[in-house]
Amino acid sequence: MMQGSLLIIGGSGFIGRNLVEKSLKVGFNVTVISLTKITDNKKISGVIYIHADITNLLVLKEKLLGICFNYVVNLSGYIDHSSYLDGGHNAINAHFNGLQNLLQVLDWGLIKRFVQIGSSDEYGNISAPQFEHMCESPISSYSLGKLASTKLLKMLYQTEKFPVVILRLFLVYGEGQNNKRFIPQIIQGCLLGKKFPVSKGDQLRDFCYIDDITSGILQSLTKDEALGEVINLASGDSTSIRSVVEKIQNLIGNGNPEFGKIAYRKSENMALYANIDKAKLLLEWQPKIDLNKGLTNSIDFYRTNE
């Protein structure tokens, strides 16, 4: 059993909530910072919840005054592919400036590990499979905000030995994910048996089940070999968007996806899937749940919770 105080920023989201539950089981005292106020019926017993916007330094200082943490996982921010003038500048602020505020408020002397959750989007249009040593090339404000955070934290490790690990997540899925995300949308469309638009589906992507992802995050809290490193956390397998839609359709036995009705995003990387050798070596981690099992679990959840 691990012990210590763990702060999870963004702990009320899909990944965060699953991480909170697993962290409690292994013995952490958990505090969550959430941008939205959590209602009592959605709170997890034994967790301290703090409602705060980390982009507001004064509020963050006030909320965390006198509270100490040994471990921090930064899941803050949101996915936003908007152009810079249409809201992308807000995404940069949420990710990069929010991180800087956290670094100013937290007591570095007590922190044993700071885990930054990065994104596969940091790679931009680099050819697949994506390795951590590749030179990143962000193609959106969101991915720039993520990459700027990565570069700042790597610099702090190199110059001040700040105990950071950066995990680059690819596509995470599982029970309880936001209904606006890709897999829940497809599942719900098929369960309803209706026609629904999707892209042509030639994109190759890397889908990793939520329980594997949270296990990898917890592993990164204990492995000193991972300090200062950027590590891909993913399945390591490439799957086309079309094949995922068809798998869901076949597992449910219903649904009418209309392929090609949605255009590809401008500058979209058509092949985004990870090499995970580094995670296997440094974290002694690899995914255990294959796509068929993960999709079956997800379908069962949404069928029960329609």
Side-chain angles (χ1 to χ4, degrees), residues 4-13 15-16 19-20 23 28-38 47-80 84 87-119 121-122 136 138 140-169 217-218 220-222 224 226-231:
S5 54
L6 170 63
L7 174 65
I8 302 176
I9 302 103
S12 63
I15 299 175
L19 181 61
V20 167
S23 299
F28 279 112
N29 298 314
V30 179
T31 299
V32 164
I33 292 180
S34 176
L35 181 60
T36 57
K37 194 166 185 177
I38 309 303
V47 177
I48 297 171
Y49 288 89
I50 297 173
H51 176 219
D53 181 353
I54 66 169
T55 64
N56 188 321
L57 180 59
L58 293 177
V59 169
L60 193 61
K61 282 182 176 179
E62 177 188 341
K63 296 281 188 175
L64 295 185
L65 182 65
I67 309 177
C68 301
F69 303 102
N70 307 123
Y71 302 90
V72 180
V73 177
N74 184 20
L75 279 157
S76 66
Y78 52 90
I79 298 173
D80 185 346
Y84 181 78
H89 61 288
N90 292 325
I92 295 174
N93 179 51
H95 291 277
F96 187 54
N97 294 346
L99 169 64
Q100 291 186 83
N101 288 343
L102 286 168
L103 293 171
Q104 290 183 64
V105 170
L106 295 170
D107 186 341
W108 292 22
L110 296 174
I111 294 176
K112 297 179 181 180
R113 193 64 46 87
F114 184 104
V115 178
Q116 170 72 9
I117 304 300
S119 169
D121 279 359
E122 294 175 56
E136 305 92 343
S140 68
S141 296
Y142 162 73
S143 55
L144 176 64
K146 281 291 192 183
L147 182 59
S149 300
T150 294
K151 297 296 185 183
L152 171 60
L153 289 166
K154 282 185 66 67
M155 181 274 289
L156 291 176
Y157 174 77
Q158 291 162 4
T159 60
E160 304 183 43
K161 291 302 174 186
F162 184 68
V164 67
V165 176
I166 298 120
L167 301 179
R168 280 202 181 130
L169 274 52
I217 294 172
L218 287 178
S220 71
L221 296 175
T222 63
D224 289 344
L227 283 168
E229 298 288 346
V230 175
I231 303 172

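Throughout, numbering of the chain's residues begins at 1 and tracks the sequence.
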ask   = Is the Y71 ring parallel, tilted or perpendicular to the F28 ring (thresholds 30°, 60°)?
value = perpendicular
query = Y142 vs H95 aromatic rings, parallel, tilted or perpendicular, using cut-offs 30° and 60°?
reply = perpendicular
remark   = Given the options T150, L167, V164, V230 meets side-chain contact (heavy atoms from CB on, under 4.5 Å) only with T150
ask   = Just one of V20, V115, V73 clears the side-chain contact (heavy atoms from CB on, under 4.5 Å) bar with L6, so which one?
value = V73
Kindly say whether [Y] contributes a backbone atom to a donor-acceptor pair with the side chain of [X] at under 3.5 angstrom?
{"X": "S5", "Y": "C68", "answer": "yes"}
{"X": "R113", "Y": "V165", "answer": "no"}
{"X": "N74", "Y": "Q116", "answer": "no"}
{"X": "E122", "Y": "S119", "answer": "yes"}
{"X": "K146", "Y": "I117", "answer": "yes"}
{"X": "K154", "Y": "G228", "answer": "yes"}
{"X": "H51", "Y": "S34", "answer": "no"}

Do you know the tightest heavy-atom contact between [X] and [Y]?
{"X": "L106", "Y": "F114", "answer": "CD1-CE1, 4.0 Å"}
{"X": "F96", "Y": "A148", "answer": "CE1-O, 3.5 Å"}
{"X": "I92", "Y": "S141", "answer": "CG1-O, 3.3 Å"}
{"X": "V30", "Y": "S23", "answer": "CG2-CB, 3.9 Å"}
{"X": "V32", "Y": "V47", "answer": "CG2-CG1, 3.8 Å"}
{"X": "L75", "Y": "G16", "answer": "CD1-CA, 3.6 Å"}

Rounded distance (nearest 0.5 Å) linking atom [atom1] of [X] with atom [atom2] of [Y]:
{"X": "I8", "Y": "L19", "atom1": "CD1", "atom2": "CG", "answer": "4.0 Å"}
{"X": "L57", "Y": "N97", "atom1": "CG", "atom2": "CG", "answer": "10.5 Å"}
{"X": "L99", "Y": "Q104", "atom1": "CG", "atom2": "CD", "answer": "10.0 Å"}
{"X": "N70", "Y": "K112", "atom1": "CG", "atom2": "NZ", "answer": "5.0 Å"}
{"X": "L153", "Y": "F162", "atom1": "CG", "atom2": "CZ", "answer": "6.5 Å"}
{"X": "I54", "Y": "L64", "atom1": "CD1", "atom2": "CG", "answer": "10.0 Å"}

Side chain to side chain, [X] and [Y], heavy atoms closer than 4.5 Å:
{"X": "L152", "Y": "M155", "result": "yes"}
{"X": "L7", "Y": "I67", "result": "no"}
{"X": "S220", "Y": "I231", "result": "no"}

query = Using 4.0 Å as the upper bound for N to carboxylate O, is an ion pair formed by R168 and D121?
reply = no
task = Go through the structure and list residues passing ring pair (Phe, Tyr, Trp, His ring centres under 6.0 Å) with H89, not counting sequence neighbours.
result = Y84
task = Dump the intermediate steps for side chain to side chain contact (heavy atoms under 4.5 Å, CB included) on W108 and L156, then the final yes or no.
result = CA-CA 11 Å; W108 292 22; L156 291 176; 4.0 Å; yes
